[in-house]
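Remember, it's 1-based here, ligands and their atoms both numbered in the order they're listed. Please read these numbers as outputs of a predicted model, since none were measured by experiment. In this chain, residues are counted from 1 in sequence order.
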Amino acid sequence: MSAVVPLGGSGEPDARAYRALQRELVETRNRFDRQVAQLKRLNSVAPALQQVDERPTAEVFAEAVLDVLDIGFGAVWILPSQAVITGPRFACLGWAVDEERWAMAGQALDALLHTTASNRAQRITTSLADLLPGVELHDVMAGRCIGRDGAALAVVLSANTPITTGADDAPGADALEILSLLAEKCADHLDASRDWHLIRDQMDQLRESQERLELVLRGTNDGWWDWDLVTGSCIQSARWHAMLGEPYPQSTVTDSFWLDEVHPEDRPGFEALLTATLREGAATVETEVRLRERHGGHLPVLVRGIISHDVAGAPVRFAGSILDLSERKQHEQFVHQLAFYDALTDLPNRRLLLDRLQQALLAADRAHRTTAVLMIDLDRFKSLNDTHGHAAGDELLRAVAQRLRDSVRSEDTVARLGGDEFVVLLSNLDEDHERSQELAEAIGTKILHALAEPYLLSVGVTHHSASVGVAVAHSSSTTPDTALKQADVAMYEAKSAGRNLVRLFRPEMQSRVDHRSEMETRLRAAVERNQLNLMYQVQVDADGSLYGAEALMRWHPDDGEPVPPTIFIPIAEDSGLIREIGPQAFQQACRQAVAWRPFAPEGFRIAVNVSASEFMIADYVAQVVEILASTGALGSEVRLEITEANVVSDLQAAADRMNALRNHGIVFSLDDFGTGYSSLTYLRQLPVDEVKIDRSYVRRFLNDRHDEAILKAILNLCTELDIKVVAEGVETEEQWNRLVADGCTYFQGYLFGRALPPGTSPADLTSESMVALPR
Ligand code: C2E
Ligand code: CA
Ligand code: CA
């Protein structure tokens with residue numbers, strides 16, 4: 001109120017002055033009323049502004065501005081969010097608002113306001129013709145409001161068509177003041193609501209992640225704990241208690257809580273880790289420990305914890321999960337067992353043996369001691385397996401494993417390499433090499449005796465000897481592989497020297513083995529290329545007439561000397577190659593029988609040798625029958641020569657097999673009779689048609705009365721049992737004559753013919769000399 005009422009000179013109030021004063025008073029009152037009205041409206045707006053969540057602050061602000069300033073329409077622009085808020089009265093003009101243009105205008109205004117330092121609202125004269133084409137704007141007011149994160153700009157546009165009187169006056173300083181206040185208020189609320197939204201979002205996220213965590217923990221079966229390091233309170237989840245037992249009584253815990261709970265063996269490591277974690281500011285812990293279970297025992301768990309620190313870096317909270325590892329541990333144990341132990345006997349397997357052997361060799365080297373490896377192979381294991389099946393074989397192997405364990409000290413290792421091969425590792429033997437050899441040999445003998453005891457299996461009582469090879473390692477240069485190989489070589493020697501023996505490895509054995517393994521390789525190739533062929537040796541009766549022919553295998557390598565069957569048949573038997581060679585031989589003989597059929601005399605048979613390991617395979621009978629069928633040969637055209645070795649492991653099974661084949665017309669000859677066991681039992685219990693007296697008797701009996709006596713006894717017995725007798729290896733007429741005189745009826749030998757290629761007729765096998773013999 002600037003006007004001062006002047007008084008007249010006469011002392012009388014001047015009428016004009018009075019009217020002016022009156023008018024001024026009215027104006028003042030009007031202005032005052034307007035301001036009061038504005039303040040009242042402003043007052044009513046304030047609560048709406050407080051309620052940030054109900055409607056966007058800017059919208060409330062827009063309305064408030066329009067209302068308070070009492071202008072016809074307007075728009076409020078809040079930057080930097082650049083949200084365009086149009087007041088209701090603004091919208092009724094029907095302006096289509098192009099956001100892009102608002103944005104441009106907003107930027108222009110922002111730049112403008114930034115040039116002034118004040119945050120107070122100002123009147124801005126700027127052309128917004130572009131922005132609102134066809135609208136004449138009276139006034140543009142802009143107020144800058146400062147939010148916590150920087151400036152936000154509130155812009156008010158006022159239009160040229162005010163709806164209230166008085167508002168067509170340009171907004172006064174007080175209106176600008178109010179606008180400023182409102183703008184600031186709005187900025188505050190924008191910030192506040194943004195904070196509030198932020199907090200709410202974070203809360204939502206937190207809840208979500210907490211729920212997710214719970215779900216995950218439940219899903220993974222983890223138990224969890226949350227330890228407040230400041231108050232000492234520690235809570236554990238239900239799952240924790242389910243894993244470890246009843247809830248813990250203590251309400252507050254200290255470091256010792258953990259240390260008491262972990263297994264004593266794990267304690268030192270865990271203590272160090274916990275100290276490092278809590279004292280030295282590590283952020284996470286992950287370790288495997290065994291935690292005490294309430295009902296006794298310990299549970300292996302994976303502990304995964306996170307430590308939160310306060311601003312000063314002090315740990316305030318330690319929370320995390322425990323994962324039950326018992327199943328995984330069992331699994332690991334199982335895998336370990338599988339990887340390092342033999343499933344059948346629970347003995348260490350080859351891998352673990354090699355590892356232990358390596359350790360033993362190193363330790364022996366340091367302590368100047370020796371290590372011995374005993375390779376043990378069970379004699380005639382295969383035939384038991386083949387006759388009685390794998391269950392019986394398994395039973396035997398378990399029994400053997402037990403006997404071996406009982407034969408050595410607990411610090412020695414007994415391992416199974418596979419099949420019927422076992423190894424005993426004796427560590428820490430004498431410093432003196434020879435002394436160690438003696439010791440190892442003695443233990444080998446002890447093992448031999450233990451293994452030779454009868455085995456009581458489900459299928460009955462069986463007897464098995466073993467062959468033991470011993471290698472004593474004395475220099476550090478011996479590798480586990482070498483030691484095993486040497487023991488193997490020695491074992492092999494024990495086997496070939498007649499089984500049930502212990503042999504010590506000697507360097508010269510190695511070259512024999514090398515030669516043999518080279519031979520095996522060549523034989524394998526020969527089998528693949530069908531380079532093995534049968535020759536036939538004639539068999540005659542007392543008149544020299546054709547009785548039969550024995551098929552004998554011949555191997556003529558392309559690249560060298562012929563190899564005799566006495567060399568390659570044992571190799572084939574040991575290597576398993578006989579299982580291919582045997583059927584091949586039988587098949588060739590069958591084809592020959594068919595080819596000879598038109599020329600063969602009545603009752604003529606081809607005799608085929610069968611190895612023990614071949615005869616005892618489970619489907620031997622089926623295999624023979626199959627070959628008969630495929631070649632068209634008849635059972636009555638062949639004879640199978642078996643030895644005592646074929647039947648010794650199981651007489652009954654052998655008899656069953658033979659009877660099955662006899663049903664197909666096949667007959668059997670007991671080969672090499674008089675050597676080996678020569679048990680008369682075999683003659684009684686087996687369906688044998690023929691016995692072949694070993695050629696060693698034939699060679700000697702003329703000069704040896706003892707041999708002649710045996711020969712005669714065999715002949716008498718066989719005549720009585722109605723078994724034919726073939727004398728093998730008859731080389732001279734004298735032998736032949738004497739044998740005939742003693743009652744022998746059939747003969748085979750160089751005198752009648754050597755093994756020859758088949759030719760067209762079996763008669764071609766007979767030698768010229770024999771035919772010339774006058775009978
Ligand atoms: P074996 O079954 O005792 O065969 C008889 C062996 O005596 C044959 O030796 C034969 O050539 C030889 N021989 C025949 N007459 C005389 C003679 O008057 N004097 C002398 N000193 N020897 C004579 P070969 O062919 O070297 O066969 C040796 C062994 O090889 C056979 O002994 C047999 O056990 C085995 N064998 C040969 N062929 C086969 C086969 O196809 N399968 C199997 N499993 N073993 C075979
Ligand atoms: Ca034979
Ligand atoms: Ca023989």
Is the shortest N/O to N/O distance between [X] and ligand 1 below 3.5 Å?
| X | result |
| --- | --- |
| Thr566 | no |
| Gly749 | no |
| Glu614 | no |

Does [X] have a heavy atom less than 4.0 Å from any atom of ligand 1?
| X | answer |
| --- | --- |
| Arg699 | no |
| Lys692 | no |
| Arg554 | yes |
| Gln748 | no |

inquiry  = Are the side chains of Leu670 and Ile642 in contact, using a 4.5 Å heavy-atom criterion?
reply    =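 They are in side-chain contact.
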inquiry  = Using side-chain heavy atoms (C-beta onward) and a distance below 4.5 Å, is Gln539 in contact with Tyr746?
reply    =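 No, too far: nothing below the 4.5 Å cut-off.
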Considering only heavy atoms of [X], which atoms of ligand 1 have at least one such atom less than 4.0 Å away?
| X | answer |
| --- | --- |
| Glu731 | 17 (C), 18 (O), 19 (N), 20 (C), 21 (N) |
| Leu552 | 4 (O), 8 (C), 10 (C), 11 (O), 25 (O), 37 (C), 38 (N) |
| Asp672 | 3 (O) |

Best match, [options]: closest heavy atom to [atom]:
| atom | options | result |
| --- | --- | --- |
| atom 7 (O) of ligand 1 | Arg695, Met535, Glu728, Met553 | Arg695 |
| atom 27 (O) of ligand 1 | Pro565, Pro564, Ala755, Pro570 | Pro565 |
| atom 36 (N) of ligand 1 | Ile569, Leu532, Thr643 | Ile569 |
| atom 45 (N) of ligand 1 | Asn609, Asp694, Asp671 | Asn609 |

message = With a cut-off of 3.0 Å, does Asp672 put an N/O/S atom close enough to the Ca ion (ligand 2)?
response =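 No, since none of the N, O or S atoms of Asp672 sits under 3.0 Å from the Ca ion (ligand 2).
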Test item: [X] side-chain N/O and [Y] main-chain N/O as donor-acceptor pair under 3.5 Å:
| X | Y | result |
| --- | --- | --- |
| Trp596 | Thr760 | yes |
| Glu614 | Val610 | no |
| Arg503 | Ser467 | no |
| Asp672 | Asp694 | no |
| Asn646 | Ala654 | no |
| Lys692 | Ala727 | no |
| Asp619 | Gln623 | no |

inquiry  = Is the ring pair Phe747/Phe752 parallel, tilted or perpendicular, if the boundaries are 30 and 60 degrees?
reply    =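 Judged by the thresholds at 30° and 60°, the geometry between Phe747 and Phe752 is tilted.
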request  = Between Val730 and ligand 1, find which residue part has any heavy-atom pair under 4.0 Å and reply side chain, backbone, both or neither.
outcome  =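 Near ligand 1, Val730 shows its backbone, while the atoms from C-beta on stay back.
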task = Select one of side chain, backbone, both or neither to describe which atoms of Arg754 lie under 4.0 Å from any atom of ligand 1, heavy atoms only.
result =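 No part of Arg754 is near ligand 1 at this cut-off.
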request  = Measuring from the Ca ion (ligand 2), name the closest N, O or S atom belonging to Glu550.
outcome  =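 It is OE2 of Glu550.
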ask   = If you look at Glu641, which of its N/O/S atoms is nearest to the Ca ion (ligand 2)?
value =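 Within Glu641, restricted to N, O or S, the Ca ion (ligand 2) is closest to atom OE1.
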message = Taking Asp574 first and then Arg516, would you say they form a salt bridge - that is, a charged N and a carboxylate O separated by under 4.0 Å?
response =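 Salt bridge between Asp574 and Arg516, a charged N being under 4.0 Å from a carboxylate O: yes.
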Under 3.5 Å, which donor-acceptor pairs do the side chains of residues 575-584 form with other protein atoms, sequence neighbours left out?
residue	atom	partner	partner atom	Å
Ser575	OG	Ile571	O	2.8
Ser575	OG	Ala572	O	3.4
Ser575	OG	Leu577	N	3.4
Arg579	NH2	Asp386	OD2	3.1

query = Looking from the Ca ion (ligand 2), what is the angle between OD2 on Asp671 and OD1 on Asn609, to the nearest 10°?
reply =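 Taking the Ca ion (ligand 2) as the apex, I get 90° for this pair.
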